[in-house]
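Worksheet for the structure shown next.
All residue numbers refer to positions in the sequence shown, counting from 1. Keep in mind that this is a model prediction, so the values were computed, not measured.
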Amino acid sequence: MKAYSNDLRKRIIAARTNDDKVTDIAERFYVSVMFIYSLLRLFRMTGSYEANKNSGGAPRKIS
């Protein structure tokens, strides 16, 4: 699955700082409540809302 855009992430954080309810934000932006909680935790711990780079997964077993 492709990561959500940084613009969407920024708007979600802005909505939450305006004291909007998490469930209302989830309905407005069509994302899950757990994504919002995870995003808020990431922002609180690191100060960044950007998605982590994808490592590409496990290497192939058969070349």
Side-chain angles (χ1 to χ4, degrees):
M1 184 174 160
K2 190 173 180 183
Y4 291 116
S5 69
N6 287 335
D7 179 54
L8 176 64
R9 291 166 176 261
K10 189 187 322 182
R11 288 187 287 153
I12 289 172
I13 291 172
R16 186 62 183 143
T17 56
N18 290 335
D19 292 329
D20 293 349
K21 291 183 180 179
V22 172
T23 53
D24 294 339
I25 296 169
E27 288 178 7
R28 185 182 332 152
F29 294 114
Y30 301 104
V31 296
S32 70
V33 173
M34 285 309 300
F35 169 72
I36 295 174
Y37 284 126
S38 298
L39 177 63
L40 293 172
R41 185 177 60 244
L42 173 73
F43 185 69
R44 194 172 47 248
M45 295 177 96
T46 65
S48 174
Y49 52 83
E50 295 181 2
N52 293 329
K53 299 275 184 187
N54 187 355
S55 66
R60 293 182 182 203
K61 293 185 179 185
I62 299 175
S63 58

Do you reckon Ile12 sits in the same ILVMFWY cluster as Phe43, going by side-chain contacts under 4.5 Å, direct or chained?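 In one cluster: yes.
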Distance-only donor-acceptor hits, side chain of residues 20-40, under 3.5 Å, sequence neighbours excluded:
unit_1, atom_1, unit_2, atom_2, d
Asp20, OD2, Arg28, NH2, 2.9
Ser32, OG, Phe35, N, 3.1
Ser38, OG, Met34, O, 2.9

So do Leu8 and Arg11 actually touch side chain to side chain, heavy atoms under 4.5 Å?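 When only atoms from C-beta onward are counted, Leu8 and Arg11 do touch, with a gap below 4.5 Å.
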For a quick test of reading the model, state the closest non-hydrogen atom pair linking Lys10 to Tyr49 and the distance between them.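 What the structure gives for the nearest pair is CE-OH, 3.3 Å.
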